[in-house]
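Keep in mind it's a predicted model, so treat the numbers as computed, not measured.
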Amino acid sequence: MVEMPATGVAADSSTGRARVLAVVNQKGGVGKSTTAVNLVACLGEAGKKVLLIDLDPQGNATSGYGLNRNQRDQCVYNALLSDTPIAELIEPVQVEGVFVVPATIQLAGAEIELVSSFSRETKLKGVIEPILGDFDFVVIDCPPSLGLLTVNALTAANGVIIPVQCEYYALEGLTKLLESFKLVKTHLNPELEVFGVLMTMYDARTRLSQQVVEEVKDFFDATVFDTVIPRSVRLSEAPSFGQPITMYDSGGRGAAAYRSLAKEVISRD
């Protein structure tokens with residue numbers, strides 16, 4: 001197991017610049033895009049101005065806000081590889097205070113094209129620099145891999161949120177993620193910290209979920225959020241309706257959990 005990265009994220013609230021958070025886990029199916037979409041919605045609901053950048057070629061965060069990936073000529077790909085100002089790609093959505101930079105299928109080729117690009121690891125950092133003063137939070141939904149797109153997100157961010165599902169082998173693969181984290185922190189972004197670890201798909205009826213939470217808390221210590229996200233049919237359904245859970249099922253357990261998470265995120269800022 002790699003050495004745990006340091007915690008204690010440097011606050012940005014006094015600088016007037018956005019806190020940049022990358023939601024990352026190279027393991028698929030852990031609730032990464034669900035967390036990005038719904039955390040952003042709850043931050044907006046709490047009065048924050050938030051930008052969600054969809055850096056996942058699957059575009060789940062884009063469709064999670066009802067944006068059609070197939071009806072766009074431009075997306076975050078154009079900011080990374082065609083020098084389009086990111087301000088031209090920002091779109092408002094149905095939640096007040098929330099804006100999205102969408103992904104389209106174009107982004108699928110970005111990993112390969114970035115390989116030969118100058119300053120390939122810091123493209124996103126340079127792209128978002130001009131707009132950091134316009135938002136309270138920038139949340140980046142990363143692809144389920146540790147390729148160049150994720151490295152770009154880690155280089156641009158000052159904190160990472162790691163969703164971990166309450167299932168067998170929950171910590172599987174996190175060694176590689178933390179190794180990548182440490183390399184980026186050492187060589188590219190010394191400000192990068194673990195902002196928080198989020199337990200997802202929690203089932204209070206099972207001993208397994210409780211055991212996994214205890215195991216993750218033993219490993220990550222104080223960085224684990226107090227909020228746990230329950231396993232919820234409503235949370236699973238909401239993306240197919242192009243709505244965050246705060247719109248699709250505002251009074252449900254999932255919405256309550258993500259509102260609680262947003263409060264914790266704001267309190268840590």
Side-chain angles (χ1 to χ4, degrees), residues 9 12-13 18-25 29-56 58-67 90 92-103 128 135-144 150 153-154 156-166 193-202 223-232 234-239 242-250 252-269:
V9 182
D12 285 338
S13 54
R19 160 81 65 212
V20 183
L21 298 172
V23 183
V24 58
N25 190 328
V30 300
K32 180 181 55 61
S33 295
T34 297
T35 292
V37 166
N38 292 308
L39 171 59
V40 163
C42 292
L43 288 171
E45 191 178 71
K48 301 298 182 181
K49 188 176 181 184
V50 194
L51 178 65
L52 173 59
I53 299 176
D54 191 350
L55 209 62
D56 185 348
Q58 296 176 79
N60 291 331
T62 299
S63 58
Y65 271 101
L67 300 175
I90 294 173
V93 293
Q94 63 268 48
V95 178
E96 187 173 355
V98 174
F99 301 81
V100 174
V101 175
I128 68 172
F135 296 92
D136 298 306
F137 290 92
V138 173
V139 176
I140 306 168
D141 186 30
C142 299
T150 297
L154 295 177
N158 45 42
V160 297
I161 293 176
I162 306 172
V164 178
Q165 82 281 25
C166 296
E193 305 288 358
V194 175
F195 189 85
V197 177
L198 177 67
M199 304 307 304
T200 63
M201 305 179 190
Y202 181 82
T223 58
V224 181
F225 288 111
D226 292 331
T227 300
V228 295
I229 307 301
R231 183 177 292 280
S232 164
R234 292 291 195 175
L235 277 173
S236 301
E237 289 175 345
Q243 295 179 341
I245 194 62
T246 52
M247 294 183 67
Y248 181 69
D249 185 30
S250 182
R253 293 184 304 134
Y258 276 109
R259 288 184 180 117
S260 175
L261 175 63
K263 289 179 181 177
E264 281 198 76
V265 168
I266 292 168
S267 71
R268 292 188 183 192
D269 186 38

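The side-chain heavy atoms of Leu39 and Ile161, taken from C-beta on, include a pair separated by under 4.5 Å. Under the 4.5 Å side-chain criterion, counting only non-hydrogen atoms from C-beta, Leu43 is not in contact with Asp136. The shortest distance between side-chain heavy atoms of Ile128 and Phe135 does not fall below 4.5 Å. The shortest side-chain heavy-atom distance between Leu52 and Tyr65 falls under the 4.5 Å cut-off. Residues Pro144 and Gln58 are in side-chain contact: their nearest non-hydrogen atoms beyond the backbone lie under 4.5 Å apart. Contact annotation: the side chain of Asn38 approaches that of Pro244 to within less than 4.5 Å [non-hydrogen atoms, C-beta and beyond]. Considering only heavy atoms from C-beta on, Ser236 stays 4.5 Å or farther from Met201 through its side chain.
A donor-acceptor pair under 3.5 Å is absent between the side-chain atoms of Glu45 and the main chain of Thr246, judged by distance alone. Proximity of a side-chain donor or acceptor of Thr223 to a complementary backbone N or O of Val197 within less than 3.5 Å is not detected. Between the side chain of Tyr202 and the backbone N or O of Cys166 there is no donor-acceptor pair closer than 3.5 Å. Checking side-chain atoms of Lys32 against main-chain N and O of Cys142 turns up a donor-acceptor pair under 3.5 Å. A donor-acceptor pair under 3.5 Å is formed between the side chain of Ser63 and the backbone N or O of Asn60. With Gln94 contributing its side chain and Gln243 its backbone, the two residues share no donor-acceptor pair below 3.5 Å. Side chain of Tyr248 to backbone of Pro239: no donor-acceptor contact under 3.5 angstrom is found. Side-chain atoms of Asn25 come within 3.5 Å of backbone atoms of Pro163 as a donor-acceptor pair (strictly under, hydrogens ignored). A donor-acceptor pair under 3.5 Å links the side-chain atoms of Thr62 to the main chain of Ala103, judged by distance alone. Side chain of Arg253 to main chain of Arg231: a donor-acceptor pair is present (N/O by atom type, distance under 3.5 Å, no hydrogens or angles).
Taking the six-membered ring for Trp and thresholds of 30 and 60 degrees, Phe195 and Phe225 have ring planes inclined between 30 and 60 degrees apart.
More than 12 heavy atoms of other residues, nucleotides or ligands lie within 6.0 Å of NZ in Lys49, so this atom counts as buried by the packing criterion. Around atom CD of Glu237, more than 12 heavy atoms belonging to other residues, nucleotides or ligands sit under 6.0 Å away.
To the nearest 0.5 Å, atoms CD1 (Ile162) and OG1 (Thr35) are separated by 12.0 Å. To the nearest 0.5 Å, the span separating CG on Leu198 from CD1 on Ile229 amounts to 5.0 Å.
For the pairing with Leu21, the side-chain contact (heavy atoms from CB on, under 4.5 Å) check across Val40, Val138, Val265 returns one residue only, Val265.
When all heavy atoms of Gly196 and Arg268 are compared, the pair lying nearest together is CA-NH1, 3.6 Å.
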